[in-house]
Asker: 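A single structure is presented below for examination.
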Amino acid sequence: MNVTTAGARLVGRPRYGDRALAVATGAAVVTILSMLVVVLFDVVRGGATKLSWEFLTTSPREGMTAGGVLPAIVGTVSLTLLMTIAAVPAGVATAIYLTEYASRRSRLARLVRVCVANLAGVPSIVFGLFGLGFFISTVGRAIDRVAYDGEAVYGRPCLLWSSLTLAILTLPVVVVSTEEAILSVPRELREASLAVGATRLQTITYVVLPEALGGILTGTILAVSRGAGEVAPILFTGVAYYLPYLPTHLNDQFMNLGYHVYVLATQSPDVDRTKPLLYGTALVLLMLTLLLNLIAIAIRARSRRRSRAAA
Amino acid sequence: MRAVVAPPATSLTKDAGYKMRARDLTVRYGENTAIKDVTIDVHDKVVLALIGPSGCGKSTFLRSLNRMNDMVPGISVSGHVELDGEAVYGPGVDPVLVRRRVGMVFQRSNPFPKSIFENVAYGLRVAGLSGQSVVAERVERALRHAALWDEVKDRLQESGLGLSGGQQQRLCIARALAVEPEVLLMDEPASALDPIATAKIEDLISELRSELTIVIVTHNMQQAARVSQRTGFFYMGRLVEVGETSTIFTRPKQRETEDYITGRFG
């Protein structure tokens, strides 16, 4: 008898709140995952047949109803590389200043933080207009006046200004993720370094940055892959509808995968013939960003493994 | 690259047998006063233990001896600290040079995620010492000093983080000793270790005393009694009493000291 009574007391009323929350959060996960699956499935199904060596290595032909996307790939890759070269050093340096050198009460540091936060909230089309107004009309024209007798060499849309415009768009993410990576370096390691007579610079170079490197790279690559798919900032600053040649100079215009998708979808003279090309282009763009994300994941896994092996 | 500073010419402090002195040292964090008017002498080649309940300011005092507190935001230090007669907080004093002569070991062992060898060599490298044989020789000497050499000599290239807790702490001591400091500050160096590892650290302290001056913060009174020759008792940010360890533990002058060491509070 006793046993049954004791057992009965353990059975409580079901926790309906917990169950409801589990169902609701689970449903949210399923919804988001299924959207991702639908998008991926559609793009892959439509684009996979088009994907071929020829598609990746030739230029568009016959009014963009045939041929490949080579110029758009080259344009996207060079745009992304130049953007990275411009954004990452500036962003990492800013983060180092904010975390390591600026005092907690520094007005300048607070101003920089406010600017970075606001920069992150600016719509990307505004960056495009800014690039046109500042880089092309102001900086570019000034260069032309001084160096090229007013001939339009840099005072027009081109790869350089598009890259810099995108770099500004990417900058806040690089700054914030680098800051977080640096702040996650344990205070004990800095103190250990300082206590044996290392200077601040040595501590940053030999202890803080190597320890934060995994986090910095991960955040940076994610920022870059986000920037690589942006179209609005390059719309006025350098992207071209169609070019018969590949960009070779900083002041060349270029084609871009994201913009090419837009062009194929809206400007085609023959929708039926363009559709497979459109899918193929979207798939190539997806694969490029996916590749960058995979690299970021691999780096993160590696640095986690390292610190776990360490601990 | 700055050279490791040579000891200055003889000074009053040196002649009197004092390695470091603090006069009316007050440290504030913002509005809070962590230590107030601390005056104490650190005798040369003597182990000075600082005891007291948590939050009494003993660690703050320790960290102000080699300017490790400088990085803390909102801190203000007033009063006077000297090392061999030279003002530690004087104008133009480079805290980096202070720390090369006054090393520190922390409560939680904090090896770098580098090899055992590179952990110990770090202080030498940042001081500008190059030349593989010189560095290797000083790394070995430091590891022997820290009674760790025999345990790690065959795996110097393995990560320092793969060592046991006690070994890691001795690695940190070796790292501090490699730059050959004149004073070693130890902030509860054995509080996270098991009794056997603690005993090893305590033996080590007794051996190191012949070569350098040691100031150790501990909340373990038996430890203070075992390793130190002089003991200071901190309470509520003040230095209540300092003297020969045997005297402090048997015939303390202050009532608060007696209450603490007999376990009436703390």
Side-chain angles (χ1 to χ4, degrees), chain A residues 95-110 112-113 179 181-218 299-311, chain B residues 1-2 4-5 30 63 66-74 94-114 118-129 142 158-163 168 171-172 174-181 184-187:
Chain A
I96 291 175
Y97 171 77
L98 289 176
T99 50
E100 299 289 329
Y101 285 101
S103 88
R104 206 174 43 172
R105 285 175 219 170
S106 152
R107 288 233 177 117
L108 178 64
R110 228 184 293 168
V112 172
R113 283 213 171 83
E179 246 190 301
I182 290 178
L183 286 175
S184 73
V185 176
R187 203 190 63 193
E188 285 85 358
L189 286 185
R190 289 165 215 260
E191 289 192 333
S193 171
L194 294 170
V196 291
T199 62
R200 252 171 179 206
L201 180 63
Q202 288 169 333
T203 302
I204 293 170
T205 324
Y206 300 133
V207 175
V208 176
L209 286 184
E211 194 62 12
L213 191 65
I216 294 174
L217 285 177
T218 310
I299 290 173
R300 187 164 47 194
R302 210 177 135 240
S303 66
R304 272 207 195 130
R305 215 173 26 246
R306 218 182 110 226
S307 53
R308 202 174 309 136
Chain B
M1 190 62 65
R2 274 185 220 91
V4 177
V5 275
R63 296 167 64 94
N66 71 340
R67 298 192 56 170
M68 279 308 284
N69 279 333
D70 285 19
M71 313 297 281
V72 178
D94 182 352
V96 170
L97 298 181
V98 173
R99 293 181 201 128
R100 283 192 187 154
R101 293 172 57 189
V102 185
M104 189 159 198
V105 174
F106 299 86
Q107 180 173 6
R108 276 178 56 193
S109 61
N110 51 0
F112 300 122
K114 301 175 190 282
E118 284 305 323
N119 259 285
V120 183
Y122 183 80
L124 304 171
R125 298 209 196 278
V126 296
L129 195 72
E158 287 173 30
S159 170
L161 296 161
L163 298 174
Q168 284 194 14
L171 178 65
C172 294
R175 180 176 63 193
L177 292 175
V179 292
E180 300 183 350
L184 188 60
L185 309 175
M186 305 177 102
D187 191 356

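Naming convention: chains lettered A, B, ... in sequence-line order (proteins, then strands); numbering from 1 in each chain. Please read all numbers here as calculations on a predicted model, not as lab measurements.
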Asker: Looking only at non-hydrogen atoms, find the nearest pair between A:G197 and B:R100 and report the distance.
Answerer: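 Between these two residues, the closest heavy atoms are O-NH2, 2.8 Å.
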
Asker: In terms of heavy-atom proximity below 4.5 Å to chain A, should B:M104 be classed as side chain, backbone, both, or neither?
Answerer: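 Both parts, heavy atoms under 4.5 Å.
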
Asker: Would you mind checking which part of A:S193 comes under 4.5 Å of any heavy atom in chain B, side chain (CB onward), backbone (N, CA, C, O), both or neither?
Answerer: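 Contact with chain B is through both the backbone and side chain of A:S193.
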
Asker: Check whether any side-chain heavy atom of B:M71 sits under 4.5 Å from a side-chain heavy atom of A:R200, and report yes or no.
Answerer: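 Contact flag for B:M71/A:R200 side chains = yes.
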
Asker: Counting heavy-atom pairs under 4.5 Å to chain A, which of B:G160, B:A178, B:P73 comes out on top?
Answerer: B:P73

Asker: Is it true that a side-chain atom of A:E188 and a backbone atom of B:N110 form a donor plus acceptor pair closer than 3.5 Å?
Answerer: no

Asker: Mark yes when over 12 heavy atoms from residues, nucleotides or ligands other than A:R113 sit less than 6.0 Å from its CZ; otherwise mark no.
Answerer: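 Yes.
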
Asker: Just wondering, are more than 12 heavy atoms of other shown residues or ligands nearer than 6.0 Å to OH in A:Y97?
Answerer: yes

Asker: Taking all non-hydrogen atoms of both residues into account, name the closest pair between B:V126 and A:V196 and its distance.
Answerer: CG2-O, 4.5 Å

Asker: What are the two closest non-hydrogen atoms of B:V96 and A:A198, and how far apart are they?
Answerer: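 Closest approach of B:V96 to A:A198, heavy atoms only: CG2-O, 3.9 Å.
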
Asker: Locate the shortest heavy-atom distance separating B:R175 from A:A192; write the atom from each residue and the value.
Answerer: NH2-CB, 3.2 Å

Asker: Rounded to the nearest 0.5 Å, what separates atom CD in A:Q202 from atom OH in B:Y122?
Answerer: 6.5 Å

Asker: Of all heavy-atom pairs between B:F112 and A:L189, which one has the smallest distance, and what is that distance?
Answerer: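 Of all heavy-atom pairs spanning B:F112 and A:L189, the closest is CE2-O, 3.5 Å.
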
Asker: What part of B:P95 gets within 4.5 angstrom of chain A, counting heavy atoms only: side chain, backbone, both, or neither?
Answerer: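 Neither part.
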
Asker: Can you tell me which of B:M68, B:Q107, B:R67 forms the most heavy-atom pairs within a distance under 4.5 Å of chain A?
Answerer: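 Between B:M68, B:Q107, B:R67, the count favours B:M68.
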
